[in-house]
Amino acid sequence: MDLSKLNDKQKEAVKHIDGPLLILAGAGSGKTRVLTNRVAYLINEVGINPRNVLAITFTNKAATEMKERIFSIIGDTALQVQISTFHSFGYRIVRENYHLLGLDKNFTILDESDSVIIIKKILKDINLDPKQYNPKAIKSAISGAKNVLMNAEEYSRFSNTPWDEIVIKVYRIYEETLKKSNAVDFDDLLMLPIHLFKRNSEVLEKYQERYKYILIDEYQDTNEAQYKLTKMIGAKYRNVCVVGDGDQSIYSFRGANYNNILNFEKDYNNAKVILLEENYRSTKTILNAANEVIKKNKIRKDKNLWTSNEEGSKIKYYRAYDEKDEAHYVTSNIKQLHSEGIPYEEMAVLYRTNAQSRVLEEHFMLENIPYKVVGAYAFYNRKEIKDLIAYLKLIYNDKDDVNLIRCINVPKRGIGAKTTDKLQMKADVEKVSIYEVIDGGKELIFKNLIEDFKQKASESSLTELVEYVINKSGMKQELLNEKSIEANIRLENLDEFKSIAMAFEEHNGVVSLEEFLMQISLVSNSDDTKDEREKVSLMTMHAAKGLEFDVVFAVGLEEGIMPHTGFDASKSDIEEERRLFYVTITRAKKHLFLVNARMRLLFGDRSIREESSFIKEIEEEHIEFQNKKREEISTINKEDKFYTEDVDFNQGDIIVHDDFGEGVIINVEKSIITVSFAYPHLVKKLLKKHKSIKKKQVI
DNA sequence: CGGCAATGTGTTTTT
DNA sequence: CACATTGCCG
């Protein structure tokens with residue numbers, strides 16, 4: 001195997017075979033290269049069975065990338081290596097041992113909102129006001145407990161506040177409900193395997209024998225459950241290799257504990273430790289700035305990340321007038337850089353909160369720049385998609401009461417709240433699922449429909465089933481009858497979902513409903529199936545972890561946003577925010593832009609924004625200040641005045657749509673106009689008086 | 001039951 | 001601001 005492209009430290013890590021190994025890999029130090037080469041080396045050079053190798057990554061995206069890279073080194077053999085996220089891996093264990101966990105074979109995974117709905121219902125049942133006791137807060141308390149592997153009993157042992165009492169009470173009923181629904185939640189995918197291993201050493205041993213070589217990426221972001229799972233499976237052979245960087249720990253809000261990486265040497269004595277400190281990614285300027293920033297953190301292990309790359313251009317800092325000016329600054333620089341030959345896919349705009357993407361998107365559309373919003377799982381959160389998934393989940397597991405309630409009246413069948421309440425009560429009394437107690441009325445027609453779907457599921461392909469459900473449920477007809485643009489968009493989304501199913505089927509051969517449901521529960525973005533090249537990436541700073549781009553725009557660098565301080569400033573963790581800022585700037589290879597706004601529309605009103613204290617932590621010698629052209633700012637502000645509420649549309653008029661940007665009217669009929677938008681939206685039919693449309697006046 | 005209007009409420013990051 | 005929920009009426 002050719003290891004000539006690796007430096008000495010990297011080679012050492014790749015060639016380490018048996019025993020615990022800790023790789024402390026600074027940003028851009030080539031850890032993915034090390035991990036992929038190490039897997040390849042173990043298999044090709046050492047002769048280890050690929051089935052005995054387990055590689056865990058943090059995101060599905062990283063897992064896919066790792067598979068591809070190992071495939072490119074060793075070919076088909078790579079397919080036998082188990083590469084997945086912790087949650088997918090946990091799912092696998094639960095599925096292989098469902099009978100030992102009190103589940104039926106066809107258990108389903110509830111998503112976050114399903115869980116919250118269940119908790120709301122529990123609160124009502126025990127006569128507590130969901131307004132006083134926030135269901136989401138209770139969900140996250142339960143989640144937190146599960147992540148430290150506490151069940152309700154254990155939780156109750158060291159808690160005493162009235163709030164805890166309520167959480168415990170809800171937690172107990174919540175667990176009963178899950179069991180009754182033959183369902184698990186996200187946290188169970190980690191917790192259940194651990195409980196199983198504790199109880200049943202034979203099963204544990206089976207997995208220890210199976211996964212003799214374990215590699216964990218992003219180890220600084222593992223939580224207690226993930227840590228424990230790794231430790232248990234690795235306990236027998238101790239061939240545990242973890243890679244991480246304490247400075248890039250950014251998920252403590254989700255229970256991640258970067259002490260896990262600091263304590264690795266204590267947990268695994270005689271662990272080999274390798275430091276990767278040469279950065280291959282960024283220019284000297286960018287890396288120096290990053291080092292200056294992260295040095296401000298008090299709780300950290302100092303290290304010396306260096307690069308032999310060139311000095312590079314200075315970091316550009318622009319303090320915009322407002323959020324629109326900020327977006328405009330970003331798009332105009334992107335246009336400029338693109339004209340200089342930098343491809344769009346080598347540029348990214350990173351922001352702290354998802355809400356910031358909207359204004360940016362509007363400007364990208366206005367300026368005709370192709371872009372994609374990465375990691376936006378908004379698609380699966382759309383009503384019509386959730387309804388359709390509810391059908392699929394119910395077909396697969398008819399004990400899933402939440403999803404039954406969700407779709408029983410979609411489309412409207414005259415089964416309202418009264419009926420479902422009655423069914424729910426009956427089911428509660430008889431201690432069975434709602435599905436089971438249905439024995440008459442309009443509900444029975446629905447039940448028969450689901451039975452028909454089950455039949456269809458057993459005899460046709462996944463795509464055929466999806467198509468069948470969309471049609472036969474009546475969802476399609478209801479939307480067709482509506483004849484509004486919203487309904488049209490929904491129809492398109494249902495079609496899009498069908499394409500996702502089809503792509504999945506084509507990609508993996510014949511696919512079961514089970515696998516498909518697992519996939520859409522565990523994988524947030526569907527974008528992997530589509531061709532996403534030649535587009536600028538828009539994403540949160542968190543989502544950017546592990547990625548790199550020639551050009552990075554870090555936007556919204558204002559106190560309160562980045563560093564983010566919620567309603568309770570004392571609760572926010574400035575050091576974690578700083579690590580996030582560090583992760584952000586180290587994504588950039590060649591050009592880094594820091595941007596913020598003096599004024600921003602936030603939570604409904606305009607507020608004056610102070611610049612982020614993090615910017616001041618970078619030495620001025622690395623920064624080129626961009627504020628010169630005030631006249632540019634004033635033209636931007638005038639833009640608002642171009643738009644009016646006029647609905648007297650004529651062919652040839654230019655309108656602006658909130659989502660699709662500027663377009664030309666090519667046809668007018670009654671209340672509908674046909675508009676040609678720029679790529680990627682093209683021609684759309686719209687309702688004249690829709691609130692998202694404004695006419696552009698010629699002044 | 002379903003549709004609409006008024007009112008209220010929460011706003012970080014994600015597998 | 002965007003949404004979810006509530007209350008009222010046909």
Side-chain angles (χ1 to χ4, degrees), chain A residues 56-63 84-91 109 111-113 116-117 120 124 129-132 134-137 140 143 146-147 185-191 218 221-223 225-226 249-256 323 350-359 374-378 380-381 383 408-421 442 478 482 518-525 539-545 556 560-569 571-573 576-577 579-581 583-584 600-607 658 691-692:
Chain A
I56 301 277
T57 59
F58 195 70
T59 62
N60 291 292
K61 194 172 186 168
S84 54
T85 62
F86 265 111
H87 290 267
S88 311
F89 178 61
Y91 171 77
I109 305 166
D111 69 26
E112 198 72 19
S113 61
V116 173
I117 291 170
K120 244 186 233 170
K124 273 184 205 153
D129 185 3
K131 274 174 195 155
Q132 209 176 337
N134 182 297
K136 271 189 196 159
S140 80
S143 206
K146 286 189 173 189
N147 280 329
D185 69 15
F186 243 76
D187 306 307
D188 287 337
L189 296 176
L190 301 173
M191 192 178 75
E218 308 281 11
D221 280 322
T222 49
N223 64 28
Q226 294 163 336
S249 168
I250 54 175
Y251 281 98
S252 71
F253 70 91
R254 209 173 75 190
E323 75 278 0
L350 310 182
Y351 38 81
R352 179 63 231 264
T353 67
N354 281 307
Q356 289 167 254
S357 73
R358 231 194 62 205
V359 182
V374 179
Y377 55 119
Y380 288 109
N381 275 332
K383 185 190 177 297
I408 195 167
N409 204 27
V410 180
K412 308 266 178 310
R413 300 190 172 91
I415 308 174
K418 232 180 192 155
T419 314
T420 51
D421 281 354
K442 297 171 192 156
E478 187 185 49
E482 214 186 294
M518 186 274 283
Q519 184 78 5
I520 55 181
S521 303
L522 260 31
V523 181
S524 50
N525 56 337
M539 68 185 104
T540 64
M541 294 169 172
H542 282 86
K545 187 163 87 151
I561 295 179
M562 182 76 228
H564 196 274
T565 45
F567 44 94
D568 183 5
K571 219 186 87 204
S572 77
D573 181 349
E576 174 141 321
E577 292 295 310
R579 288 193 292 271
L580 182 58
F581 187 55
V583 167
T584 304
R600 184 182 293 276
L601 204 57
L602 207 62
F603 310 140
D605 45 17
R606 284 214 165 269
S607 53
D658 282 356
K691 61 174 168 23
S692 52

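Letters go in sequence order (proteins before strands), and every chain restarts at 1. Keep in mind that this is a model prediction, so the values were computed, not measured.
With a 4.5 Å cut-off on side-chain heavy atoms, A/Lys545 and A/Thr59 do not count as touching. Looking at heavy atoms from C-beta onward, A/Gln226 lies in side-chain contact with A/His87 at the 4.5 angstrom threshold. Using a 4.5 Å cut-off on side-chain heavy atoms (C-beta onward), A/Arg352 and A/Thr540 make no contact.
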Trace of the side-chain contact (heavy atoms from CB on, under 4.5 Å) decision for A/His542 with A/Ile250: CA-CA 7 Å; A/His542 282 86; A/Ile250 54 175; 3.8 Å; yes

Taking it one step at a time, do A/Arg413 and A/Glu478 satisfy salt bridge (charged side-chain N to carboxylate O under 4.0 Å, His left out)? CA-CA 11 Å; A/Arg413 300 190 172 91; A/Glu478 187 185 49; over 6 Å; no

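In 5' to 3' order, the nucleotides of DNA chain C bounding all contacts with chain A (an atom under 4.0 Å from a heavy atom) are C/dC1 to C/dT5.
Comparing B/dT15, B/dT14, B/dT13 by their closest approach to the side chain of A/Glu112 singles out B/dT15.
No engagement by A/Lys442 is indicated, since no non-hydrogen atom pair under 4.0 Å with the nucleic acid exists. Counting any heavy atom pair closer than 4.0 Å across all strands shown, A/Phe86 reaches no nucleic acid atom.
In this structure, the aromatic ring of A/His564 is positioned over the six-membered ring of the base of B/dT12, centres within 5.5 Å and planes within 30°. Under the stacking criterion of a centre-to-centre distance below 5.5 angstrom and an interplanar angle below 30°, A/Tyr251 is not stacked against the six-membered ring of B/dT14.
Note: NE2 (A/His87) to C1' (B/dT15) measures 4 Å, nearest angstrom. Taking atom CD1 of A/Ile408 as the reference point, atom P of B/dC1 lies 11 Å away to the nearest angstrom. Taking atom CZ on A/Phe186 and atom P on B/dT15, their separation rounds to 8 Å, with Å as the unit.
Side-chain nitrogen and oxygen atoms of A/Thr540 include at least one within less than 4.0 Å of the OP1 or OP2 phosphate oxygen of B/dT14. At the phosphate of B/dT11, neither OP1 nor OP2 sits under 4.0 Å from any side-chain N or O atom of A/Asn354.
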Let me have a per-nucleotide readout for nucleotides 2-10 of chain B, 5' to 3', with B, S or -, counting only protein heavy atoms under 4.0 Å. SS-------

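Side-chain atoms of A/Glu323 do not come within 3.5 Å of backbone N or O of A/Val359 as any donor-acceptor pair. Between the side chain of A/Asn409 and the backbone N or O of A/Ile415 there is at least one donor-acceptor pair closer than 3.5 Å.
With both ends at atom P, the span from B/dT13 to C/dA4 equals 16 Å, rounded to whole Å.
Sequence order on DNA chain B of the closest nucleotides to A/Thr59 and A/Thr419 puts A/Thr419 first from the 5' end.
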